[in-house]
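To start, the structure under review is shown below, and the notes come after it.
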Amino acid sequence: MSEEPSSTSVSVADGQSKSAKKPKYSRFSQQELDAWQPILTPSWAISIFTVIGLIFIPVGLTSLFASDSVMEVPFRYDDECLPPNSKNDPVAYIKDDTQNKTCNKKLTVKTKMTAPVYVYYQLDNFYQNHRRYVKSRDDRQLRRKGSDNDVSTCSPEDYTPKELGHNPIVPCGLIAWSMFNDTYKLSSKNKELAINKKNIAWKSDRDAKFGSDVYPKNFQVGGLIGGARLNESIPLSEQEDLIVWMRTAALPTFKKLYGKIETDIEDNEEIMLVIENNYNTYEFGARKSLVLSTTTWVGGRNHFLGMAYMLVGGISLVLAVGFLLMYVMHPRPLGDPSYLSWNKNPGILR
Amino acid sequence: MEPSTPLDSSSNMDSFMFDSSSRRSTVSIHSRSSGVINSTREVSFGHSGSKPVRYGSKGAESEALSMSQKEISDEDARLVYVDDPDKTNDMLEFAGNSILTGKYSIFTFLPRNLFEQFHRVAYIYFLVIAILNQLPQLAVFGRGVSILPLAFVLLVTGVKDAFEDWRRHRSDKIENNRLGLILVNGQFLEKKWKHIRVGEVIKIRANETIPCDIVLLSTSDPTGVAYVQTLNLDGESNLKTRYAKQETQSKLPEKEKLDVLIKCEKPNRNIYGFQGNIEVDGKRLSLGSSNIVLRGCELKNTNWALGVAVYCGRDTKAMLNSSGAPSKRSLLETRMNSEIIMLSFFLVALCIVTSVCAAVWLKRHKDELNLMPYYRKLDVSEGKEESYKYYGWVLEIVFTFLMSVIVYQVMIPISLYISMELVRVGQAYFMIGDSRMYDKATESKFQCRALNINEDLGQIKYVFSDKTGTLTENKMEFQCASILGFDYSSATASLENEQVEYTVQADGTIFKPKMMVKVNQELLQLSKSGFTNDEGKQIYDFFLALAACNTIVPLVADTSDPMVKLIDYQGESPDEQALTFAAAAYGFMLIERTSGHIVIDIHGERQRFNVLGLHEFDSDRKRMSVILGYSDNSVKLFVKGADTSMLRLIDKSLNTDILHATKSHLHTYSSVGLRTLVIGTRDLDASEFEQWQSSFEVASTALMGRAALLRKVAINIENKLCILGATAIEDKLQQGVPESIESLRIAGIKVWVLTGDKQETAISIGYSSRLLTSNMIQIIINTNNRESCRRHLQDALVMSRQHMTTPGVTHNSEEGSDSVSTSFALIVDGTSLVYILDSELEEEFFQLASRCSVVLCCRVAPLQKAGIVALVKHRTDDMTLAIGDGANDVSMIQMADIGVGISGQEGRQAVMASDFAMGQFRFLVPLLLIHGHWNYQRLGYMITYNFYRNAIFVLVLFWYVLFTAFTLTTAINEWSSMLYSIIYTALPTIVVGILDKDLSKRTLLKHPQLYGAGLRNEAYNKKLFWLTMADTLWQSIAVFFVPLIAYWGTTIDVASIGDLWTLAVVILVNLHLAMDVIRWNWITHAAIWGSIIATFICVIVIDAIPVFPGYWAIFDVAGTALFWLCLLGIVIAALLPRLVVKYLYQYYFPSDIQISRETEKFGNPRDNGGGEIEMLPVSDAPP
């Protein structure tokens, strides 16, 4: 595409010295700056769409292959782990501390999963992005030692109830209070599959966001118990489950990393699951799943992006071909003045 | 003084509709203060529309009469005891002379400035939203964040205001500390201006500035004349004469204590009128505007003047007038506002959807809310069970609604108003800086006085133009003289520029007129050959009349040669100047004029004539007269005036041949477009003169209705004249006017010329300016009564309809009137217009006029001009532009949608009232065709783009709300959402709005038809709005749902996906703009790519703050391939439909602009093949 021809100005030289009032001539002030002037001509349109097609289809294909290579084994257990007699009233069951919550299940992995295999828990219909919820935390308190009383945004989980001394809770707020507390033990062929729970949280969170000298205090001590309890002798920066949980999920269906299995899982390997089904989702109809998954450069197993790329690329190619045909059949000379409205209708001369 | 075209601006005269002020102000026998100054300018500046405007001529007369007889009642009066400031200020403290233009002091700045800023609706909206957000139940954003945009805007504006105010304070200080000579206890002492009080006597020396409004008491001139220059006040550089009353002229305030009381009206802003009276020694005399000198004027050609301060400081007329230009609202903005109402409906709809969904959700989960971990209504921390932050279902819904208003607030693009203002400032900068619109002759730049109607320049359908001074130069040139029935045309006699420089030598000094005039050799010889015979005497009288019968003041200026003095003739009327210069060229050089006598050098012989009386021009009589007393005590009356008024007065019994010959000459002159005047004379015998003198005395000292009385006296004496001859003055067309008018016509603009000229003159100018062409059918409406006017109109309508329905020209009814075959020109005269504008004929007139491609109105009075503009304005939605240069155009300029003032010969009133001012008529072409077109295209695009830009953001927020249990969580960081319209996307649209241009200047001038884009509302219309909104919907879906589906069920956290959405929206919105940019210069590149980079930087910075929940999210998420794939996919998928539509539309349904762009870039493919389609050649306006 061409540079715009710079227009020559007639009245530049003279008159400038004559009066100071005359506007200073510059290509800027006369709006004559050099400019690139692209026009969407057929050749450009066709090539743009062709290029989009040629890029998007291969990218789509590769990402489709990549996401297809991800092995994902989901296992929903919130209903499976209910004892048969509690099926009708799961809330009573889960609230009953005397009941045994351990649940043994079997899971068959059909295709081989190469290490590392990630263990996730997945919640469906759980609004971690609810306005009341996301605001119910205090990041200063998590970060610095002396900020225990920074609980202004944490209500109603800011202080322990009066009868328990009205002490600030660390970590305060609904998010921490409702921390997920199901636990999993996996074993295969009677050998425990070790789940590495180190470094499951972001390094940045461990280093800067959660203080290494901040210890849980007054957490889950009275009133309502929302979920997991924390070991008060471990600083927050090492409470990785908490850190993971506190990175609130964006969508109502989400996974959170539980740990990593550092060994391969062979195909058709049968895995024994021991699930401590503690977390109460029955109350509001959320679902819980355990997910084993490998990962690749496009993340988890999700064909959407690959498909979308293929689709966009395909449409672009079709459009390019269509435009080409249209161009061949009905070309319009560019810049032909006979298309100007006042030339189209010769009966009307102005 | 009056040409035969007195109503036009040339004479600068008030029309008969406006003579109230002139009547009121005409003064004593000495008064040569012509009605010129106090004429049409009654119209108060700055308050368009505040004055009730009457369009017909009815009623104006009665109003005028009542005003002339108005006496100042005591409550309305201000009493000034001359030289007794203590007594004057005793009862009522009048304002002191210190001025304060600064609006604020240090203490009042904050409250006042805020108060003024919040006058804008936009800011109130901001404020209400911010206040809503402060309520704890509604706190969507953090406190600091929510007031950030408002604070930003307030701060910027505040700093700007403070700076301007500081500058004003500084200049106030300088003004207030200037020194003036004040009479204190019998001697003049220097005193600072700010200490001057009302009632004090002030002495002003030559070239000094007047510190306050003063009534003249005496001057160095024995007759009490003082000359002032009002350049600072109204920009007119010629000298004006002011008078001291004879009764006070003789007093010496240093010696004797004055006992003078002035009673005058309360301060007002009319700088051309003053009413009052003065009591001297028990005698009551009236004061008019010729007795007052206003603050800011300079005393010239007068050694000193004494005056008494009557208005000081903020009461002075100069201060009362210092107000800005009238504010108007542009058509585009009006249209935009209706779409903004539409957008607010969208906003309400989104809020309703959100709150209804939330209501349903809350209802369905009513029983679970207590313990739901992400709701946890139950609060047990106080020991008992309470509801935490739950106010009941209904209130929760209300809160949700209000919160959604806060979250979706940017749906109403408030920032657009601010961006538009910035863009208009930028556009104004380019318009002012355009070297095409710089007038070398007057060294005047284009002026942009109104800042908010730039884009209207691109949608003008009607141009109403004044003729004299606007189409023509208003530099009058004496062309022809008809004396005693002989035609002496300088043009025919001297083909080559034979300009004779006539000089006079006296006392060793050579006097030379400043302007050279073409002369007729024959006449020159005749005038030189002596005046012995009868014919010679007539010629003598003729030139004497030219030299004497006027209000010109000769000014002698030094030249580089000390022996040579240059004589310049100063006066308000260019016609008079031309006549005086002509007289000088023929040997009758006016050397000196005082109020009592004139000195004329007649072929080297100085002669002194007593000016016994002078009847000023007024637009009823359309003539002026002067009574000269010769040295031999004979008295002669000279009258000069418009032919219509003069020919009636000629004594028909005398020399009928001459009369006939003169009449035919007059006809010839006016048909070639010359302005004609007739000159007559009469000897007065002693008794007649005495009779006149006594009645004149009575009239001029009358307190009530003086103007009417004076006019009566004038009418009585001005009769039975002996015709001397006629003059013809050429008013040359300005450079480039015919080409400009043709360009405008081709552009589809209807040009109406409204002139005070005679019909013949108007038509001939019409031809020479190519307004009229020979193939037009002229419809002339020239009637004397209503009935015939109606008949004429109806006949013409029938005729035009017949032509319209002629087969072959009806395809396009809209443009049919422009087709050559049926082109009509309507010519209407002022008398007919009186009937048309006063009655129900308006509609028929408009019907007829809209069928004509050209309308010429002749003999139009100023208010009629406004009436015609109003007629068109009220009957169509089309934009009107009025262009004029004189005081008589002010009402028209203020009435039209856009008023353009020509800063020409005629002072500054037109400019003061205008929205844009420029030096030449031809600049209208670049102004409309180039800048108007660009401004319109730019702002039109900018508005749709801003709607899109904000709506897509809101929609992305809205989609997310649907996935958060309708609780108005925003994934996009609150800082990002506030910075979105401040940093992320603001600059590119402003830069593009200022700099992008669809077509080059050359193309736009070559094809004026391209202006039709604005007339057809191509850049902004309802269809475009809805298309854009549909596109917005798709794009928002692409932006939101691609990441949603791609990240569904993954570990993605709010901050990370929020960053993705932020970046996606910003990149998309900027690329969308980039796709529509037509010319990429480096600034555009910098703005667009810079904004994207700035967004990345901002997102990174925000994510690097550890106390935010989203700490480090961008680094984490940007490390994954999925993020970048999403980003790319979003952008391409979102823009794909737009690109397809754009291409198909541009290639298969090209607009004129698109074709011209292609021609600009690729050339015309038909150029080589000898194109059969002729491009209408329109020459470029001169650069």
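Proteins get letters first, then strands, A, B, ... in listed order; numbering begins at 1 in each.
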Inset, instruction - Please flag which part of A:A308 lies under 4.5 Å from any non-hydrogen atom of chain B: side chain, backbone, both or neither. - result: neither
Inset, instruction - Select one option (side chain, backbone, both, neither) describing which atoms of A:V59 are under 4.5 Å from chain B's heavy atoms. - result: side chain
Legend entry - Spacing of A:W177 atom CH2 and B:R376 atom CZ [to the nearest 0.5 Å]: 4.0 Å
Legend entry - B:S435-A:Q30 side chain donor-acceptor pair, cut-off 3.5 Å: yes
Inset, instruction - Under 4.5 Å, counting heavy-atom pairs only, tell me which of A:F254, A:F323, A:Y159, A:W297 racks up the most with chain B. - result: A:F323
Inset, instruction - Kindly give the heavy-atom pair with the smallest separation between A:P252 and B:F963, and that separation in Å. - result: CD-O, 3.4 Å
Legend entry - Among the listed options B:V140, B:I994, B:T1120, the residue most often paired with chain A at heavy-atom distances under 4.5 Å: B:V140
Legend entry - From B:M403 atom CE to A:R131 atom CZ, the distance as rounded to the nearest 0.5 Å: 4.0 Å
Inset, instruction - Over all heavy atoms of both residues, which pair between B:Q1146 and A:L40 is shortest? Give the atoms and the distance, please. - result: OE1-CB, 3.8 Å
Legend entry - chain B contact via A:F126 - side chain, backbone, both or neither, heavy atoms under 4.5 Å: both
Legend entry - Side chain proximity check, B:Y374 to A:S136, heavy atoms < 4.5 angstrom: no
Inset, instruction - Determine the minimum heavy-atom distance between B:Y1047 and A:N302, stating which atoms define it. - result: N-ND2, 4.3 Å
Inset, instruction - Identify which of B:I1057, B:L1122, B:T1050, B:D367 forms the greatest number of heavy-atom pairs closer than 4.5 Å to chain A. - result: B:T1050
Legend entry - For chain B, the option from A:R132, A:H166, A:K255 that forms the most heavy-atom pairs under 4.5 Å: A:R132
Legend entry - Gap separating the CG atom of B:D434 from the OH atom of A:Y25, nearest 0.5 angstrom: 10.0 Å
Legend entry - Among B:L1010, B:T964, B:L369, residue most engaged with chain A (heavy-atom pairs, under 4.5 Å): B:T964
Legend entry - Side chains of A:I39 and B:R1157 in contact at under 4.5 Å (non-hydrogen atoms): yes
Inset, instruction - Tell me, out of B:F1123, B:Y1148, B:F1108, who's got the most heavy-atom pairs with chain A below 4.5 Å. - result: B:Y1148
Inset, instruction - With a 4.5 angstrom heavy-atom cut-off, could you sort out which part of A:S67 is near chain B: side chain, backbone, both or neither? - result: neither
Legend entry - 4.5 Å side-chain heavy-atom contact, A:K209 and B:W1112: no
Inset, instruction - Could you tell me which portion of A:L224 (side chain, backbone, both or neither) has an atom closer than 4.5 angstrom to a non-hydrogen atom of chain B? - result: both
Inset, instruction - Decide yes or no on side chain to side chain donor-acceptor pair (under 3.5 Å) for A:D139 and B:Y1111, but give the supporting numbers first. - result: CA-CA 10 Å; A:D139 289 285; B:Y1111 177 64; over 6 Å; no
Legend entry - chain B contact via A:Y279 - side chain, backbone, both or neither, heavy atoms under 4.5 Å: side chain
Legend entry - Interatomic distance, A:H303 atom NE2 to B:I1045 atom CD1 [nearest 0.5 angstrom]: 14.5 Å
Inset, instruction - Mind checking the CE-OG spacing from B:M372 to A:S178? Nearest 0.5 Å is all I need. - result: 12.0 Å
Inset, instruction - Evaluate the ring planes of B:Y375 and A:H130, with Trp represented by its six-membered ring, and classify them as parallel (under 30°), tilted (30 to 60°) or perpendicular (over 60°). - result: perpendicular
Inset, instruction - Name the region of B:M1075, side chain, backbone, both or neither, that has any atom closer than 4.5 Å to a heavy atom of chain A. - result: neither
Inset, instruction - State, yes or no, whether a side-chain contact exists between A:W202 and B:D1053 at a heavy-atom distance under 4.5 Å. - result: yes
Inset, instruction - Mind running ring-ring contact (aromatic ring centres under 6.0 Å, His included) on B:F1149 and A:Y339 for me, showing each step along the way? - result: CA-CA 9 Å; B:F1149 309 95; A:Y339 285 87; over 10 Å; no
Inset, instruction - For residues B:H365 and A:F284, establish whether the separation of their ring centroids is below 6.0 Å. - result: no
Legend entry - For chain A, the option from B:A971, B:A1113, B:A1133, B:G1058 that forms the most heavy-atom pairs under 4.5 Å: B:A1113
Inset, instruction - Just do the side chain to side chain contact (heavy atoms under 4.5 Å, CB included) check on A:S63 and B:L1125 with the steps written out, would you? - result: CA-CA 9 Å; A:S63 59; B:L1125 281 182; 4.2 Å; yes
Legend entry - Heavy-atom closest pair, residues A:R247 and B:G1110: NH2-C, 3.9 Å
Inset, instruction - Would you indicate whether the side-chain heavy atoms of A:E32 and B:K997 approach each other to under 4.5 Å? - result: yes
Inset, instruction - Among the options A:K135, A:M326, A:H330, pick out the one with the most heavy-atom pairs lying under 4.5 Å from chain B. - result: A:M326
Inset, instruction - Side chain from CB out, backbone as N, CA, C, O: work out which of these in A:R144 comes under 4.5 Å of a heavy atom of chain B, or both, or neither. - result: neither
Legend entry - Heavy-atom donor-acceptor pair, B:Y960 side chain to A:A250 backbone, under 3.5 Å: yes
Legend entry - Side-chain heavy-atom pair A:R332, B:E1158 within 4.5 angstrom cut-off: yes
Inset, instruction - Let me know if A:L305 has heavy atoms under 4.5 Å from chain B in its side chain, its backbone, both or neither. - result: side chain
Inset, instruction - May I ask you to decide if the ring planes of B:H1007 and A:W342 are parallel, tilted or perpendicular, using 30° and 60° as cut-offs? - result: tilted
Inset, instruction - Below 4.5 Å from any heavy atom of chain A, which atoms of B:S1056 appear? Answer side chain, backbone, both or neither. - result: side chain
Inset, instruction - Heavy atoms only, distances under 4.5 angstrom: which of B:S1151, B:C1126, B:G1012, B:P1150 has the most pairs with chain A? Name it, please. - result: B:P1150
Legend entry - Top contributor to chain B interface from A:D205, A:T248, A:V312, A:V244 [non-hydrogen pairs under 4.5 Å]: A:T248
Legend entry - Under 4.5 Å from a heavy atom of chain A, the part of B:L1044 involved: both
Inset, instruction - For the pair A:T41 and B:Y1147, evaluate side chain to side chain contact (heavy atoms under 4.5 Å, CB included) and give the outcome as yes or no after the intermediate values. - result: CA-CA 7 Å; A:T41 58; B:Y1147 193 65; over 6 Å; no
Legend entry - Contacting moiety of A:I315, where chain B heavy atoms sit under 4.5 Å: side chain
Inset, instruction - Would you name the heavy atoms of A:F304 and B:A1046 that are closest together and state the gap between them? - result: CD2-N, 3.8 Å
Legend entry - Gap separating the CD1 atom of B:I1155 from the CG atom of A:L334, nearest 0.5 angstrom: 9.0 Å
Inset, instruction - Report yes if the side chains of B:L371 and A:K95 come closer than 4.5 Å at any heavy-atom pair, otherwise no. - result: yes
Inset, instruction - Pick whichever of A:I48, A:V91, A:V298, A:L174 has the most heavy-atom pairs under 4.5 Å with chain B. - result: A:L174
Legend entry - Neighbour count above 12 (heavy atom, 6.0 Å) for B:Y1145 OH: no
Inset, instruction - Give the member of A:Y133, A:F49, A:F56, A:Y127 that has the highest number of heavy-atom pairs under 4.5 Å with chain B. - result: A:Y127
Legend entry - Heavy-atom pair with the smallest gap, counting every atom of B:F430 and A:S29: CD2-O, 3.3 Å
Inset, instruction - Identify which part of B:A139 has an atom lying under 4.5 Å from any heavy atom of chain A, answering side chain, backbone, both or neither. - result: backbone
Inset, instruction - Evaluate the side-chain proximity of A:I52 to B:L1136: yes if any heavy-atom separation is below 4.5 Å, no if none is. - result: yes
